[in-house]
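Take a look at the structure set out below.
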Number of protein chains: 2
Amino acid sequence: MSHGREKILQTSLQEFAEKGYDGSRIDYIAKSAGVNKALIYYHFKSKEELYTAVINDLFEKAASVSITPTGTSVRDNLLQIMEHFMHFLHENPFFVKIMDQCVKHSRDIFNNLHHQNIFFERVMSMYLLGVQNGECRKVDHPEDFIVSLLGAVYFYFSHHKAIRKFYGDISEEEVISIRKRTMKDMVSRLLFS
Amino acid sequence: MSHGREKILQTSLQEFAEKGYDGSRIDYIAKSAGVNKALIYYHFKSKEELYTAVINDLFEKAASVSITPTGTSVRDNLLQIMEHFMHFLHENPFFVKIMDQCVKHSRDIFNNLHHQNIFFERVMSMYLLGVQNGECRKVDHPEDFIVSLLGAVYFYFSHHKAIRKFYGDISEEEVISIRKRTMKDMVSRLLFS
DNA sequence: AAAATTAGACTAACCATTTAGTTTAATTTT
DNA sequence: AAAATTAAACTAAATGGTTAGTCTAATTTT
């Protein structure tokens with residue numbers, strides 16, 4: 001594989017994540033990647049195709065993250081998955097930014113992605129296991145509770161700029177550790193009892 | 001007040017909410033608003049200024065929404081505020097869309113807004129009241145629980161397209177009613193007991 | 001009369017895309 | 001092994017559509 005192509009993809013991810021599709025400039029991507037603009041068109045047909053390539057790449061990586069919980073109880077495993085979700089968002093800030101735009105931009109790109117929702121599915125199937133073996137409490141609409149739990153976690157990362165001030169002047173790591181505790185408490189209180 | 005100015009602001013809100021700042025076109029706004037393009041520049045210095053005017057307008061309206069809970073207990077009042085939050089997001093889809101972009105776009109515009117967080121503040125002060133009179137349970141980091149609760153509600157609206165499918169083939173009103181029940185359950189389990 | 005609005009041509013900058021070519025390294029032919 | 005050929009990777013510069021913003025002169029509204 002050519003070095004240029006990889007570099008273009010990396011740089012484009014940053015640019016698209018930060019400025020959005022319409023705000024991104026091919027010229028700037030080329031300059032940042034240290035390649036000639038035409039090389040982008042050599043590897044990708046158009047800006048649109050570059051965008052979808054970037055997105056597919058990203059979501060593929062996201063989907064390949066293996067989450068095989070190792071706990072002995074459903075409770076442990078659920079907490080592990082959720083913690084994993086948190087870490088994933090924390091370590092992949094581009095994912096959140098791209099995801100946020102992607103939901104709005106061309107629905108075709110987004111709908112053709114298969115792996116948007118591994119975390120939802122894993123939490124759900126783990127929860128259903130918990131209901132079966134009596135560990136979890138039964139709720140009428142588990143999908144709604146799970147969306148709420150994932151959303152609560154996601155929201156902090158997607159609206160970091162707006163939210164951060166509520167936590168005062170402590171380090172990011174401290175906030176994450178607080179959020180982790182809260183998240184565990186939420187899982188316990190909402191899905192168990 | 002001039003009729004044109006109002007119409008321009010309304011139309012711009014839609015355009016900016018749907019396409020984002022960079023994706024929006026002044027020509028299109030003028031056409032949709034049924035006014036001449038020059039009129040936009042008669043009222044607003046530039047696209048950027050139009051954008052900030054639209055945003056300030058929107059957040060001003062959002063802040064002016066009076067939330068004066070009428071319940072007899074802190075529990076009732078908290079639930080009322082949260083339900084109000086949900087209704088507000090449901091009825092003002094533009095708000096969510098603008099908010100989402102706004103967090104990313106020019107930080108100056110966003111940081112100069114005073115009223116981003118009325119809901120956070122009202123929930124927080126109501127909760128503190130509940131702690132004082134013994135209705136609510138004490139938690140180490142109430143700000144984190146409140147962010148999580150608001151986030152759980154917000155997430156559904158901001159990522160509607162990605163999430164909707166988890167609820168199957170039921171009407172939007174039904175989903176909202178399910179979400180309302182879940183939200184109440186969450187408030188009860190997280191802030192009380 | 002002053003403020004609001006229209007018509008629409010105009011411009012300058014911007015920006016995605018193309019064209020026409022070069023470089024490099026590997027493969028084939030002589 | 002030298003010469004010829006190929007294909008892929010890459011580049012500099014041009015092209016042309018798009019778009020924010022302007023200008024002028026006239027008309028309508030308050």
Side-chain angles (χ1 to χ4, degrees), chain A residues 1-58 94 97-98 101-102 104-110, chain B residues 1-58 94 97-98 101-102 104-110:
Chain A
M1 267 304 140
S2 55
H3 174 257
R5 197 191 145 95
E6 256 322 293
K7 194 77 219 256
I8 290 167
L9 281 170
Q10 279 172 32
T11 313
S12 300
L13 173 59
Q14 286 193 42
E15 175 81 346
F16 284 135
E18 269 155 36
K19 316 240 180 89
Y21 180 81
D22 293 312
S24 295
R25 299 288 161 248
I26 296 286
D27 283 284
Y28 184 77
I29 291 172
K31 204 176 149 198
S32 311
V35 301
N36 189 277
K37 199 187 352 182
L39 186 63
I40 294 178
Y41 287 92
Y42 172 76
H43 286 296
F44 308 93
K45 207 168 65 231
S46 61
K47 187 184 182 184
E48 189 72 31
E49 202 186 73
L50 174 60
Y51 188 64
T52 61
V54 165
I55 286 175
N56 285 324
D57 239 49
L58 181 71
F94 291 153
K97 285 176 182 170
I98 290 283
Q101 311 168 5
C102 199
K104 277 139 214 163
H105 195 79
S106 165
R107 58 159 56 103
D108 295 335
I109 298 179
F110 188 72
Chain B
M1 264 304 141
S2 53
H3 175 256
R5 195 191 147 95
E6 255 324 291
K7 193 80 220 251
I8 290 167
L9 282 170
Q10 278 173 32
T11 313
S12 300
L13 173 60
Q14 284 193 45
E15 175 81 348
F16 284 134
E18 268 153 38
K19 316 242 180 89
Y21 179 81
D22 293 310
S24 296
R25 299 288 160 249
I26 295 286
D27 282 295
Y28 183 77
I29 291 172
K31 205 176 147 199
S32 311
V35 302
N36 190 273
K37 185 162 58 146
L39 187 62
I40 294 179
Y41 288 95
Y42 174 76
H43 285 296
F44 307 94
K45 205 168 65 231
S46 62
K47 187 184 182 185
E48 190 71 32
E49 201 187 74
L50 173 61
Y51 188 64
T52 61
V54 165
I55 287 176
N56 284 324
D57 239 49
L58 182 69
F94 291 154
K97 285 176 181 169
I98 290 281
Q101 309 167 7
C102 199
K104 277 138 213 160
H105 196 79
S106 167
R107 59 159 56 100
D108 295 336
I109 298 179
F110 188 71

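A, B, ... follow the sequence lines: proteins, then strands. Residue 1 opens every chain. Here the structure is a predicted model, which means the values were calculated and not measured.
- In this structure, the side chains of B/Asn36 and B/Tyr42 stay at 4.5 Å or more apart for every pair of heavy atoms.
- Protein atom OH of A/Tyr28 is 14 Å distant from nucleotide atom P of C/dA16, rounded to whole Å.
- To the nearest 0.5 Å, the span separating NE2 on B/His43 from CD on B/Glu49 amounts to 12.0 Å.
- Side-chain N/O atoms of B/Ser2 include one lying less than 4.0 angstrom from OP1 or OP2 on C/dT5.
- Taking atom NZ of residue A/Lys19 and atom C1' of nucleotide C/dC15, one finds them 14 Å apart after rounding to whole Å.
- Summarising the geometry, the separation between CD on A/Glu15 and P on C/dC15 is reported as 11 Å, rounded to the nearest angstrom.
- When heavy atoms are screened at a 4.0 angstrom cut-off, A/Gly34 is found touching no nucleic acid atom at all.
- Here the shortest heavy-atom pairing between B/Ala53 and B/Phe44 reads CB-CE2, 3.8 Å.
- Within the 4.5 Å cutoff, the side chain of B/Ile26 has heavy atoms near those of the B/Leu50 side chain.
- Residues A/Asp22 and B/Lys19 form no side-chain contact, since every pair of their non-hydrogen atoms from C-beta on lies 4.5 Å or further apart.
- Within the structure, a side-chain polar atom (N or O) of A/His43 is placed less than 4.0 Å from OP1 or OP2 of D/dC10.
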Scoring nucleotides 17-22 of chain C by protein non-hydrogen atoms under 4.0 Å (B base, S sugar-phosphate only, - none) yields BBB---

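- Relative ring orientation between B/Tyr51 and B/Phe16 is described as perpendicular, the plane-to-plane angle rising above 60° on a 0-90° scale split at 30° and 60°.
- In this structure, C/dT28 and D/dA3 make a Watson-Crick or G-U wobble pair, each of the two defining distances being under 3.5 angstrom.
- Note that the CD1 atom of A/Ile29 and the CD atom of A/Glu15 stand 5.0 Å from one another [nearest 0.5 Å].
- For B/His3 and C/dT5, the NE2 to P distance is 9 Å, given to the nearest whole Å.
- Put simply, CD1 on B/Ile29 is 14 Å from C1' on D/dG21, counting in whole angstrom units.
- As rounded to whole Å, 20 Å separates atom P of D/dA25 from atom CG of B/Leu39.
- Residue order along DNA chain D, read from the 5' end via each residue's closest nucleotide, puts A/Tyr42 first among A/Val35 and A/Tyr42.
- In this structure, B/Arg25 reaches the D/dA20 phosphate: one of its side-chain N or O atoms is under 4.0 Å from OP1 or OP2.
- Taking atom CD1 on A/Ile40 and atom P on D/dA13, their separation rounds to 18 Å, with Å as the unit.
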